[in-house]
> 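I have a structure here, written as structure tokens, and I will follow up with some questions on it.
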Amino acid sequence: MNLFDVYPLFDIEPVRAAGLSVWDKEGRKYLDLYGGHAVISIGHSHPHYVKRIARQLYDIGFYSNAVQMPMQQELAEKLGKISGYEAYIFFLCNSGAEANENALKLASFQTGRKKVISFKASFHGRTSAAVAATDDPSIVAPINQTDNIIFLPFNDVTSFEEALQLHGGELAAVIVEGIQGVGGVNIPTVDFLKALEAGCKKVGALLILDEVQSGYGRSGKFFAHQHAAVQPDLITVAKGMGNGFPVGGVLISPEIEARHGMLGTTFGGNYLACAASLAVLEVIEKENLLENATIMGHYLREQLEGMPGIKEVRGQGLMIGIELHEPCAAIRKELLNQYGIFTGSSSNKNTLRLLPALTISKAEIDQFLKAFSSILTKKVTA
């Protein structure tokens, strides 16, 4: 049996990693500024993280959610305290797509409605409702196509208010990313997010903040939407939550009442997932990683501004998009092959994405800047 051909693959086979460094089977060292799609939040193989998971596995690795698991409550309390959402309730699942599926389902249960507003250049996952709310027809199968999703221009308050006039009475939810990741690191304006919050309240819809990529300190605040001081009804998390261990979740407003059978999961919130997630929160807190993300992100963006060949630098904290005047694929390839630096791309083919671990140092940033500047200068003078 062969593997299903999912992605075009780099000819690199990583065998070891620590911090922001990755080594391949040939012994070559790479600087990881992408973290496997923003998953590595506290650095590869962080000692506290490894110890937490290993210790847990010696005790018990798995049982179903039919028994008492105090670690789940411990995780919920720790997440509530660090994020500032102590009054919310928490549902644990396995991935970002699953978190968004459950958030959309909860919104529909709560309102009795089924229309959802999403936005151009959005990405919410590859499962049924999540992919239907994703603005990429190439990954939406016929079975996922639905008239329930309304796509609007991003950061366009007027279009949103017009849509409320037309569909307000049948609207279950508005789903928006804290920062659009796959779309090219597009940041929602404060006025836009506040309009979404007010509009949802006005028509009785729920506001879902997809913080799967932009959450867990990535933006310099625990959640990116906290830069705009809005309070959504549902917040979805995954990626950086487990630092590589598959885990996701939904933070749910206390106004949404749980009932048995409404949601469910086999693997969600298992012992190892909780151990991994608690380790991440403990490291974020102990090592002041929100502050480091803010400081290092500001330094990186400041140094990028004015470099030749750059059209625009967008980002908050350590979620950064560098838009060039041409497709970035060749530059990404050169960074990887010539300088040993992993970066990411986006659906906006001109935008290169940087999503390093929140533990990144100034020396590691300077290593990237030196390589990137050298490539851009060479292109401009060629």
Side-chain angles (χ1 to χ4, degrees), residues 37-42 49 52-53 56 62 64-65 69-107 109-110 123-127 129-130 133 173 175-178 181 206-219 221-226 231-258 262-285:
H37 308 303
V39 167
I40 301 302
S41 51
I42 60 169
Y49 174 83
R52 257 288 202 172
I53 296 175
Q56 183 59 48
F62 180 79
S64 77
N65 281 290
M69 284 193 231
M71 284 181 75
Q72 293 181 345
Q73 183 60 41
E74 182 186 356
L75 173 57
E77 289 175 2
K78 186 79 170 174
L79 175 58
K81 178 184 176 184
I82 291 179
S83 69
Y85 279 96
E86 290 179 276
Y88 277 46
I89 50 182
F90 193 44
F91 173 73
L92 279 154
C93 56
N94 307 285
S95 70
E98 190 179 339
N100 284 330
E101 287 285 334
N102 283 290
L104 290 164
K105 184 189 290 186
L106 276 172
F109 271 134
Q110 181 74 5
F123 186 92
H124 298 293
R126 294 177 181 270
T127 53
I175 185 167
V176 65
E177 291 158 272
L206 301 190
L207 178 59
I208 302 171
L209 248 297
D210 178 344
E211 294 276 8
V212 168
Q213 188 174 128
S214 55
Y216 266 73
R218 173 67 48 196
S219 73
K221 291 188 178 290
F222 197 87
F223 292 124
H225 70 263
Q226 291 172 319
Q231 186 164 321
D233 301 288
L234 298 152
I235 305 163
T236 56
V237 292
K239 293 198 184 293
M241 180 179 179
N243 199 51
F245 196 97
V247 60
V250 188
L251 285 74
I252 304 164
S253 166
E255 295 180 13
I256 301 173
E257 190 173 336
M262 182 182 280
L263 301 179
T265 177
T266 296
F267 297 107
N270 65 73
Y271 295 100
L272 296 178
C274 287
S277 300
L278 281 164
V280 167
L281 291 174
E282 288 158 358
V283 171
I284 285 174
E285 190 172 42

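The shown structure was predicted, so the numbers you read here are calculated from the model rather than taken from an experiment. Values below: every heavy atom of this structure, side chains too, minus hydrogens, waters and symmetry copies. Just so you know, residue 1 is the first one in the sequence shown, and it goes up from there.
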> Closer than 3.5 angstrom, by distance alone: can the side chain of Asp233 be matched with the main-chain N or O of Ser253 as a donor-acceptor pair?
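Between the backbone of Ser253 and the side chain of Asp233 there is no qualifying donor-acceptor contact (under 3.5 Å).
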> Given the side-chain rings of Phe62 and Phe267, with only the six-membered ring counted for Trp, is the space between their centroids under 6.0 Å?
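Judged by ring-centre distance (under 6.0 Å), Phe62 and Phe267 do meet the cut-off.
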> Just wondering, do Tyr88 and Val250 contact through their side chains at under 4.5 Å, heavy atoms?
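Of all side-chain heavy-atom pairs linking Tyr88 with Val250, none is under 4.5 Å.
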> For Glu285, enumerate each residue passing the salt bridge (Lys or Arg N to Asp or Glu O under 4.0 Å) test, keeping only those at least two apart in sequence or located in another chain.
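Once residues adjacent in sequence are excluded, the partners of Glu285 under the salt bridge (Lys or Arg N to Asp or Glu O under 4.0 Å) criterion are Lys78.
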> For a quick test of reading the model, state the closest non-hydrogen atom pair linking Ile82 to Leu281 and the distance between them.
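Nearest heavy atoms, Ile82 then Leu281: CD1-O, 3.7 Å.
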> Below 4.5 Å, heavy atoms only, C-beta onward: do Ile256 and Phe109 meet side chain to side chain?
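Side chain of Ile256 against side chain of Phe109, heavy atoms only: no contact under 4.5 Å found.
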> Give me the atom names and distance for the closest heavy-atom approach of Ile42 to Ala279.
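Closest pair (atom of Ile42, atom of Ala279, distance): CD1-O, 4.4 Å.
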> Nearest heavy-atom pair of Ala130 and His124: which atoms, and what distance?
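Distance-wise, the nearest heavy atoms are CB-O, 3.4 Å.
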> Going from CD on Gln110 to CD1 on Ile252, what distance comes out if it is rounded to the nearest 0.5 angstrom?
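Answer for the CD-CD1 pair, Gln110 versus Ile252, is 10.5 Å.
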> Enter the distance from Ile53:CD1 to Leu272:CG here, rounded to the nearest 0.5 Å.
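These two atoms lie 7.0 Å from each other.
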> Just do the side-chain contact (heavy atoms from CB on, under 4.5 Å) check on Thr265 and Asn65 with the steps written out, would you?
CA-CA 8 Å; Thr265 177; Asn65 281 290; 3.8 Å; yes
> Phe90 and Ala76: which non-hydrogen atoms are nearest, and at how many Å?
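Phe90 and Ala76 have their closest heavy atoms at CB-CB, 4.1 Å.
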> Are the side chains of Tyr216 and Gln213 in contact, using a 4.5 Å heavy-atom criterion?
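Contact flag for Gln213/Tyr216 side chains = no.
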> Hey, what do you get for OH (Tyr49) to CG (Asn243), rounding to the nearest 0.5 Å?
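One gets 5.0 Å once the value is rounded to the nearest 0.5 Å.
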> So does Glu77 get a backbone contact from the side chain of Glu86, meaning a donor-acceptor N/O pair under 3.5 Å?
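Between the backbone of Glu77 and the side chain of Glu86 there is no qualifying donor-acceptor contact (under 3.5 Å).
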> Atom CG of Leu79 and atom CE of Met241: how far apart are they, to the nearest 0.5 Å?
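Atom-to-atom, Leu79:CG and Met241:CE are 6.5 Å apart.
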> Mind checking whether Leu263 and Leu106 have side chains closer than 4.5 Å, heavy atoms only?
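SC-SC contact between Leu263 and Leu106 confirmed.
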> Going by the angle between their ring planes, with limits at 30° and 60°, are Phe223 and His225 parallel, tilted or perpendicular?
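Phe223 vs His225 ring planes: parallel.
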> Atom OG of Ser214 and atom CD of Gln226: how far apart are they, to the nearest 0.5 Å?
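Rounded to the nearest 0.5 Å, the OG-CD separation comes out at 10.5 Å.
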> Check Thr127 against Glu101 and note the closest heavy-atom contact, atom names and distance.
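Closest heavy-atom pair between Thr127 and Glu101: OG1-OE2, 2.9 Å.
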> For the side chain of Glu211 and the backbone of Ala238, is there at least one donor-acceptor N/O pair under 3.5 Å apart?
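Such a contact is absent between Glu211 side chain and Ala238 backbone.
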> Are side-chain heavy atoms of Leu206 and Leu234 found at a separation under 4.5 Å?
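In contact.
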> Any donor-acceptor pair under 3.5 Å linking the side-chain atoms of Asn100 with those of Thr236?
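A pair is found: one side chain offers a donor N or O, the other an acceptor, under 3.5 Å apart.
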> Report the C-alpha distance between Asn94 and Val247 in whole Å, list the side-chain angles of each, state the deciding distance to 0.1 Å, and finish with yes or no for side-chain contact (heavy atoms from CB on, under 4.5 Å).
CA-CA 4 Å; Asn94 307 285; Val247 60; over 6 Å; no
> Got a sec, which pairs hit side chain to side chain donor-acceptor pair (under 3.5 Å) with one end in residues 266-276, sequence neighbours left out?
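Sorted pair list comes back empty.
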> Could you work out, with salt bridge (Lys or Arg N to Asp or Glu O under 4.0 Å) as the rule, every residue matching Glu74, not counting sequence neighbours?
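Glu74 satisfies salt bridge (Lys or Arg N to Asp or Glu O under 4.0 Å) with Arg52 once adjacent residues are dropped.
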> So, for Cys274 and Gly269, which heavy atoms are closest and what is the spacing to 0.1 Å?
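Closest pair (atom of Cys274, atom of Gly269, distance): SG-O, 3.5 Å.
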